[in-house]
Amino acid sequence: EALEARALLAVTIGDPAGIGPEVVLKALADPTIAQRTKMTVVGSRKLLHRAYQHLRSLNPDIPLAHPGELEILDLTD
């Protein structure tokens with residue numbers, strides 16, 4: 001499907017101390033989402049990397065989007 005036909009969306013990671021970063025990484029691991037949308041994540045790149053590493057340490061087989069492969073609007077202070 002052409003890029004032009006995909007929905008353009010932005011998603012925030014929400015409360016940095018909440019489950020938002022985990023939910024975003026799990027949701028964006030779904031190939032259907034990547035096929036149907038051009039997603040921009042809004043939040044801290046560093047926080048997403050930390051959440052990714054933590055989740056990988058708990059379960060290396062869980063499907064997760066890698067923060068290095070995401071388009072991120074980094075709002076780090």
Side-chain angles (χ1 to χ4, degrees):
E1 190 169 315
L3 176 62
E4 296 79 25
R6 296 191 299 170
L8 301 174
L9 298 173
V11 61
T12 67
I13 61 171
D15 181 354
I19 63 167
E22 176 180 346
V23 171
V24 168
L25 293 173
K26 288 179 178 179
L28 296 182
D30 182 339
T32 304
I33 291 176
Q35 292 170 351
R36 295 183 178 177
T37 63
K38 181 176 183 328
M39 187 74 65
T40 299
V41 178
V42 180
S44 167
R45 180 181 305 276
K46 184 177 179 179
L47 180 68
L48 283 170
H49 275 283
R50 246 187 277 143
Y52 177 86
Q53 291 169 341
H54 175 72
L55 292 168
R56 277 283 170 247
S57 72
L58 296 175
N59 183 349
D61 298 322
I62 192 168
L64 294 172
H66 190 284
E69 297 174 0
L70 299 175
E71 184 172 331
I72 301 172
L73 176 57
D74 191 6
L75 299 180
T76 304
D77 293 337

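Worth saying up front: this structure is predicted, and the values here are computed from it rather than measured.
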With side chain to side chain contact (heavy atoms under 4.5 Å, CB included) as the criterion, how do H66 and H49 come out once you've worked through the C-alpha distance, each side chain's angles and the decisive distance to 0.1 Å?
CA-CA 8 Å; H66 190 284; H49 275 283; 4.0 Å; yes
In this structure, CG of L64 is separated from CG of N59 (nearest 0.5 Å) by 8.5 Å
Sorted by chain and residue number, the side chain to side chain donor-acceptor pair (under 3.5 Å) partners of K26 (sequence neighbours excluded) come out as E22
To the nearest 0.5 Å, atom CZ of R36 lies from atom CG of D30 at 9.0 Å
With sequence neighbours left out, the residues meeting side chain to side chain donor-acceptor pair (under 3.5 Å) with E69 are none
Exercise for the section: Please tell me if the side chains of L70 and L28 come closer than 4.5 Å, counting only heavy atoms from C-beta onward. Expected result: yes
Side chain to side chain contact (heavy atoms under 4.5 Å, CB included) between M39 and V11, worked out:
CA-CA 7 Å; M39 187 74 65; V11 61; 3.7 Å; yes
Report task. Evaluate side chain to side chain contact (heavy atoms under 4.5 Å, CB included) for T40 paired with L9, printing each intermediate quantity in order. Result -> CA-CA 6 Å; T40 299; L9 298 173; over 6 Å; no
- Message: Assess the residue pair T37 and L8 against the criterion (side chain to side chain contact (heavy atoms under 4.5 Å, CB included)); give the C-alpha distance rounded to whole Å, side-chain angles, the decisive distance to 0.1 Å, and a yes or no.
- Response: CA-CA 6 Å; T37 63; L8 301 174; over 6 Å; no
Distance col, row D74:CG vs S44:OG, nearest 0.5 angstrom, shows 5.5 Å
| said: Hydrophobic clustering (ILVMFWY, side-chain heavy atoms < 4.5 Å, transitive) - are I33 and I62 grouped together? | reply: yes
For P21 and A51 the tightest heavy-atom approach is CB-CB, 3.8 Å
For L48 and P67 the tightest heavy-atom approach is O-CG, 3.6 Å
dist I19:CD1 -> L25:CG (nearest 0.5 Å) comes out at 12.0 Å
